[in-house]
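Scroll down for the structure; my scribbles are underneath it.
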Amino acid sequence: MRLATWNVNSLRARMDRVLEFMRRSEVDVLAVQETKLADAAFPVQPFEELGYQVAHHGLNHWNGVAVLSRVGLDDVQRGFPGQPGYGDPAVVEARAVSALAGGIRVWSLYVPNGREQGHPHFDYKLAWLKALGEQVSGQLAADLDAALVLAGDYNIAPTDADVWSVEYYADKTHTSPPERAAFQGLLDAGLSDPVRAFTRAPKTFTYWDYQQLRFQKNRGMRIDFMLCSDAVRDRVSGASIDRDERKGKGASDHAPVLLDLLDTAPPTGNAR
DNA sequence: ATGGTTGATGGTCAA
């Protein structure tokens, strides 16, 4: 089974690219972020014609997340318990949706950007991640064998190797100690990032700003992840970042991240 | 070239 995550930065603007990606990439489950669509505006039919079921969560032209699956799509959850809101009055934004697909609970997550250190949005980002971590901890405490994938745009570069310039980001967001601690909190909750082992080359990124020829200069960040519970991690056979999708006219500023799973965990070495 | 990209929008804000 092949899973992928992709911040498309407007599905409407990216429709041709996304459909072409799905036609050629053999992806069974795709987690999409930043559709920038309300549910009523989501173009369900073109995906259904390719054999995918759609679970979309969008309230307006900001955020918007979806899970697309051709291996079943059940028990859709919009948002997660305890998910913080933002603004006055606080609104719970469309940043999390999940479904059971192919026996795995797959989340599509769009973590708040944070904007600037000290900005209210930054505190919102940390609170959002804390609440997410508590949910994961609770689920894995209840079922150590739960098959979970938390795919999405985390808007955090967990290590210095995940940014093109440590100095450039020193006073910005995405690399600060509290953000990295929040990301580590998810790992401490029982998740792991199996993609990294397959994408070890230096300066491997998933996002490049549109400005300043950042992609052409490979000045990017690794901020998109597919965090997995142990039950899923034990089935991983490969992973990759589809850098080609960042090329050319009409590209998203993020590239898709792909993860391949064996049908069942290998028989040796994983007994609990 | 007083700029820088893109997208949703219809003035600017967000990323």
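All values reported here derive from a predicted model rather than from experimental measurement. Numbered from 1 within each chain, the chains take letters A, B, ... in sequence-line order. Basis for what follows: all heavy atoms, side chains included, without hydrogens, waters or symmetry-related copies.
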Rounded to whole Å, how long is the line connecting atom [atom1] of [X] with atom [atom2] of [N]?
X        : N      : atom1 : atom2 : result
A/Ile156 : B/dA15 : CD1   : C1'   : 16 Å
A/Asn9   : B/dT6  : CG    : C1'   : 7 Å
A/Glu34  : B/dT6  : CD    : C1'   : 11 Å
A/Asn60  : B/dG7  : CG    : C1'   : 14 Å
A/His61  : B/dA14 : NE2   : P     : 10 Å
A/Trp208 : B/dT6  : CH2   : P     : 16 Å
A/Leu11  : B/dG7  : CG    : P     : 13 Å

Quick one: label A/Arg115 by what it contacts on the DNA or RNA (base, sugar-phosphate, nothing), any heavy atom closer than 4.0 Å.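 Sugar-phosphate: the residue A/Arg115, judged by heavy atoms under 4.0 Å, touches backbone atoms but no base.
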How is A/Phe215 classified with respect to the nucleic acid when contacts are heavy atoms under 4.0 Å: base, sugar-phosphate, or nothing?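 Result for A/Phe215 = nothing.
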Do side-chain atoms of A/Arg214 reach the backbone of A/Tyr207 as a donor and acceptor pair under 3.5 angstrom?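 No, the answer is negative, given that no donor and acceptor are paired below the 3.5 Å cut-off.
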Determine whether the aromatic ring centres of residues A/Phe122 and A/His119 are separated by less than 6.0 angstrom.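 For A/His119 and A/Phe122, the ring centres are not under 6.0 Å apart.
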From [options], pick the nucleotide closest to the side chain of [X]?
X        : options              : answer
A/Tyr110 : B/dA15, B/dG4, B/dA8 : B/dA15
A/Ala13  : B/dA8, B/dT5, B/dA15 : B/dA8
A/Ser10  : B/dA8, B/dT6, B/dA15 : B/dA8

Only counting residues at least two apart or in another chain, list the ones meeting side chain to side chain contact (heavy atoms under 4.5 Å, CB included) with A/Leu50.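 So A/Leu50 forms a side chain to side chain contact (heavy atoms under 4.5 Å, CB included) with A/Leu19, A/Met22, A/Arg23, A/Tyr52.
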Kindly write out the residues that satisfy side chain to side chain contact (heavy atoms under 4.5 Å, CB included) with A/Thr264, not counting sequence neighbours, or none if the list is empty.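 If we apply the side chain to side chain contact (heavy atoms under 4.5 Å, CB included) test to A/Thr264, skipping adjacent residues, there are no hits.
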Kindly indicate whether a cation-pi arrangement holds for A/Arg180 with A/Tyr169, taking the cut-offs as under 6.0 Å to the six-membered ring centre and within 45° of the axis.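 Output no; distance or angle outside limits.
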Using OP1 and OP2 only, check whether a side-chain N or O of A/Arg14 sits under 4.0 Å from B/dG7.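 Yes, because at least one side-chain N or O of A/Arg14 sits under 4.0 Å from OP1 or OP2 of B/dG7.
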Closer to the 5' end of DNA chain B via nearest nucleotide, is it A/Tyr207 or A/Arg12?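 Of the two residues, A/Arg12 wins.
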